[in-house]
Amino acid sequence: MRAALDALLAQFRRWWEDQKVPALLVTAAVVAVVGAPWWFIAPRVELITVDFRFRVRELLGRSPSWSKDLVIVAIDEASARELPMKVPTPRDYLAELIDRISAYRPKVIALDFLLDQRTKPAADKKLAESIRRAGNVVLPYQHRDGGPKTLLPIYLKSAKAVGFADVPSDPDAVVRRMLIYHPLRGEKVLSFPAAIYEVATGQSVHNLGVGPSFLINFHSTAFLDPKACYPARNFFTEPPPPREIFEGKIVLIGATHPDTRDSYFVTPFYQSLVHPGRRFATGVHIVAQALNTMLTRQFLWEPPHWLVRLMSIVLALLTFLLLSRFVPSKGFLVAIGESIVVAFIVTAAFVWANIVLPFTPLLIAIGVGMLGALLYHFLWTRQVLKAAQERMAQMEKMRALAELASGVAHDVRNALSSVTMATELLLEEVADEEWRKHLVIIQQGIQDAINIVNRLRLFGKQTREQEVLMPVHLNELVTSTITFTRAKWFYEPMKRGIEIKVETQLEPDLPPVMGNPTELRQVLVNLIFNAVEAMPKGGTLTIRTWREGNNACVAVQDTGIGMSKEVKKRIFDPFFTTKGEQGTGLGLSICYGIVTRHNGTIEVDSEVGKGTTFTIRLPIAKEMAEPLEELAHLPPLRVLVIDDDETVAAALAEVLRQAGHKVDVATSGMSGLQLFKPNAYEVVIVDWLMPGMDGLTVAQAIREIAPLQPIVLTTAWQNQLDAEAVSSIVDAVIPKPWTPRSLWEALQQAFHTQRAVQKL
């Protein structure tokens with residue numbers, strides 16, 4: 001777990017070092033272009049969506065009922081025009097209205113007017129006396145922004161005698177709060193609707209079973225329903241209303257407009273955003289809706305802020321995870337579909353559960369997730385392109401080196417061929433053991449030089465051009481390589497008086513990879529040697545294996561001197577070395593070429609003074625059977641392998657020998673014909689593209705000598721062969737890269753073809 005976390009942090013650090021500048025620039029630009037308008041648009045979007053939910057609920061017939069205990073006397077513009085007065089309503093008119101209504105013995109009269117300005121003394125006195133006579137009038141008693149009291153002294157005594165609400169000026173507060181903050185008192189006091197409720201019912205608002213905040217319900221037809229309200233315009237011009245309209249009920253008197261529509265955020269400011277230029281409800285609408293909600297207990301429930309934030313975070317993460325799997329063009333469509341789903345859920349929760357989920361934070365969360373996905377696509381694509389460019393640059397270096405090495409290899413082979421022959425002749429002639437030892441050393445040195453040149457030739461080649469692959473178990477390879485290199489990490493340090501501990505952490509049941517065991521062992525040997533040399537004072541060498549998706553991984557970690565960032569960037573470059581004259585700079589380049597040819601990756605993570613870790617990832621073998629067993633089931637064969645690439649020929653010969661067959665190798669078409677004798681080999685395997693004499697020419701010559709000889713052709717360019725022409729010369733074709741299974745199938749095909757010819 002710790003190793004995985006360290007690897008993740010290391011990957012993030014690498015990404016941040018490379019991508020932080022474009023990431024910050026893109027994020028800032030998107031936020032400036034997209035995010036800033038949301039600051040102004042969000043309130044309007046929220047109000048429109050809330051109003052839309054109210055309309056849907058009304059269309060579905062789920063509007064809340066209106067309390068029969070609440071009556072509204074609405075003084076609208078039409079009433080004002082018929083009266084010999086101007087708005088605001090004169091005090092003497094209100095006095096007559098209160099007298100008329102109080103005669104019907106209502107439970108309480110709530111007067112939704114601010115009596116903060118003086119009018120005619122006689123009118124003020126008349127209204128004050130009417131309030132005193134009624135004995136059950138509730139007045140709003142307000143302070144405006146900490147200023148002077150807004151209830152005239154003439155009404156103050158009457159208000160205190162019959163009940164009043166000390167309410168700060170906050171139009172939105174009465175919409176969804178039972179308690180509001182009083183700036184002068186420094187504490188929360190009852191809002192005007194809550195005060196009316198307590199006076200009228202004799203019950204505390206805290207007994208309603210909700211917190212100090214609640215949301216009012218909306219019913220657009222409430223003010224048009226004769227049972228719910230009684231227009232003041234008809235109060236004097238028509239016969240008196242029946243007593244049961246007002247008796248024992250809460251009567252709310254206020255001024256309003258006839259063409260208004262309320263939502264749960266009913267304030268002139270917010271409504272002007274949704275319906276510019278429209279006339280809006282005054283406080284009587286707001287107070288009436290709040291009172292009706294408390295009386296009917298049909299509250300709307302608003303989730304706590306922490307839950308909304310959590311939902312927004314989860315939605316943003318889900319959106320990012322979902323859209324990161326799509327290309328940006330499809331991601332936009334998915335985001336639109338997700339917004340529609342969220343809108344449906346929000347509306348359903350409101351209509352059927354009375355839950356008011358804010359839509360804007362959820363919509364912003366979708367936008368944030370979509371922005372993150374776009375940044376991911378942009379930065380990840382940029383990172384992949386950069387990695388591909390670096391890989392192409394590295395491969396170009398390898399190809400250039402391979403072209404140089406190909407020419408050098410030819411000249412070196414020619415130069416060393418005579419030396420090799422002379423050495424072999426001397427070995428046959430010289431009997432002195434001491435001199436024979438020197439000759440063997442010379443012979444080995446010549447062979448090492450040839451092998452170095454051969455490895456250089458492989459840098460620019462792809463896997464299909466050069467090698468045979470077989471299932472390789474990394475755990476076994478690690479164990480055998482540790483034993484093979486014991487002298488390097490145990491005996492040599494011990495002679496210098498230092499200790500290097502070797503630890504292994506091998507995942508059990510690790511699937512095999514398809515590869516060349518010789519080359520993969522060479523990679524591990526090289527990494528182990530480098531790790532030992534990086535710990536001149538001793539330390540710990542740790543080799544780990546694990547599975548990561550479809551890859552099998554092996555890491556070689558030391559606690560040595562580490563390397564700087566500059567060295568890390570060039571560590572795989574050919575001829576780059578930090579060992580001075582003692583190093584050739586080819587070791588890690590060879591490792592890079594081998595791992596790349598195996599369709600894998602090799603990465604280095606290092607810090608000066610803390611050590612270095614090389615991590616290799618190789619694709620897991622798709623063929624999980626043991627093809628070598630199938631090769632072993634064939635009868636013992638004598639095989640002639642003809643291939644100009646000595647490494648390829650040697651690898652193929654090794655696989656066949658492991659299966660119990662005898663193999664001779666020729667590195668040119670001419671030398672292959674010289675080795676071939678009729679009835680000497682059960683099968684001949686020849687490469688197609690060889691200098692001088694190609695494989696088909698060699699196969700045709702062998703066919704003339706031995707018409708029934710099974711011949712197998714190998715090539716990486718099977719699609720360029722003429723199938724009919726080739727089938728008349730060879731019995732089977734093996735496409736490169738070889739595998740033991742494809743080799744076994746080709747040998748089977750060759751023998752079946754031979755038996756068919758013999759029967760004819």
Side-chain angles (χ1 to χ4, degrees), residues 3 6-7 10 444-445 448 451-452 455 472-507 515-546 553-595 600-618:
D6 292 342
Q444 184 63 46
D448 289 344
N451 289 338
I452 290 175
R455 287 198 296 268
V472 178
H473 294 273
L474 289 182
N475 289 346
E476 297 177 2
L477 188 68
V478 169
T479 303
S480 62
T481 304
I482 290 175
T483 303
F484 179 73
T485 58
R486 185 177 181 84
K488 182 70 175 179
W489 58 263
F490 182 75
Y491 293 112
E492 287 186 11
M494 185 176 63
K495 291 179 181 179
R496 300 197 305 270
I498 62 175
E499 180 184 9
I500 294 180
K501 296 180 180 179
V502 175
E503 298 179 355
T504 58
Q505 301 173 9
L506 308 181
E507 180 174 323
N516 185 317
T518 302
E519 290 193 344
L520 294 179
R521 182 180 292 106
Q522 180 182 358
V523 172
L524 288 179
V525 169
N526 211 327
L527 295 180
I528 290 174
F529 280 17
N530 284 350
V532 172
E533 293 172 0
M535 295 184 289
K537 297 182 180 180
T540 301
L541 173 63
T542 304
I543 303 180
R544 299 185 297 112
T545 61
W546 70 95
C553 308
V554 57
V556 179
Q557 181 179 5
D558 64 65
T559 57
I561 59 177
M563 62 182 73
S564 63
K565 294 181 180 180
E566 292 73 17
V567 173
K568 280 172 55 179
K569 292 180 180 179
R570 301 187 57 192
I571 197 67
F572 297 116
D573 289 349
F575 304 113
F576 175 79
T577 179
T578 59
K579 302 176 183 178
E581 296 180 356
Q582 297 179 355
T584 62
L586 295 177
L588 290 177
S589 299
I590 293 173
C591 293
Y592 180 89
I594 291 173
V595 173
T601 61
I602 180 170
E603 299 175 353
V604 58
D605 185 23
S606 182
E607 189 172 348
V608 176
K610 293 187 178 181
T612 301
T613 301
F614 284 90
T615 303
I616 300 170
R617 293 177 175 83
L618 298 170

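Side-chain contact between Ile543 and Ile528 is present, with heavy atoms from C-beta onward closer than 4.5 Å. In this structure, Ile616 and Cys591 have side chains that are not in contact, with every pair of non-hydrogen atoms separated by 4.5 Å or more. Proximity of Val532 to Glu492: side-chain heavy atoms (C-beta onward) are nowhere separated by under 4.5 Å. By the 4.5 Å heavy-atom criterion applied to side chains, Leu527 and Leu588 are counted as neighbours.
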What verdict does the side chain to side chain contact (heavy atoms under 4.5 Å, CB included) test give for Leu541 and Met535, after you've listed the backbone C-alpha separation in whole Å, the side-chain angles of each residue and the deciding distance to 0.1 Å? CA-CA 9 Å; Leu541 173 63; Met535 295 184 289; 4.2 Å; yes
Can you check side chain to side chain contact (heavy atoms under 4.5 Å, CB included) on Leu618 and Leu520, steps first, answer last? CA-CA 10 Å; Leu618 298 170; Leu520 294 179; 4.0 Å; yes
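Taking all atoms of both residues into account, the shortest heavy-atom contact from Val556 to Ala531 is CG1-CB, 4.5 Å. Closest approach of Ser606 to Thr612, counting heavy atoms only: OG-OG1, 2.7 Å. The minimum heavy-atom distance linking Ile561 with Pro536 is given by the pair CG2-CD, 4.3 Å. Taking all atoms of both residues into account, the shortest heavy-atom contact from Phe614 to Met563 is CZ-CE, 4.5 Å. Of all non-hydrogen atoms in Ala555 and Thr613, the two that sit nearest each other are CB-CG2, 4.2 Å.
Rounding to the nearest 0.5 Å gives a distance of 13.0 Å between NZ of Lys610 and OG1 of Thr559. Considering CD of Glu607 and NZ of Lys565, their distance stands at 9.0 Å, rounded to 0.5 Å.
Each salt bridge (charged side-chain N to carboxylate O under 4.0 Å, His left out) pair with one or both residues in residues 521-531, not counting sequence neighbours, would appear here, but there are none.
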Let me check something: any side-chain donor-acceptor pairs from residues 496-503 under 3.5 Å, sequence neighbours excluded? List them with distances.
none

Show which side-chain atoms of residues 479-487 pair as donor or acceptor with protein atoms under 3.5 Å away, not counting sequence neighbours.
residue: Thr479; atom: OG1; partner: Asn475; partner atom: O; Å: 2.9
residue: Ser480; atom: OG; partner: Glu476; partner atom: O; Å: 3.1
residue: Ser480; atom: OG; partner: Leu477; partner atom: O; Å: 3.0
residue: Thr481; atom: OG1; partner: Leu477; partner atom: O; Å: 2.6
residue: Thr483; atom: OG1; partner: Thr479; partner atom: O; Å: 3.1
residue: Thr485; atom: OG1; partner: Thr481; partner atom: O; Å: 2.9
residue: Thr485; atom: OG1; partner: Ile482; partner atom: O; Å: 3.4
residue: Thr485; atom: OG1; partner: Trp489; partner atom: NE1; Å: 3.4

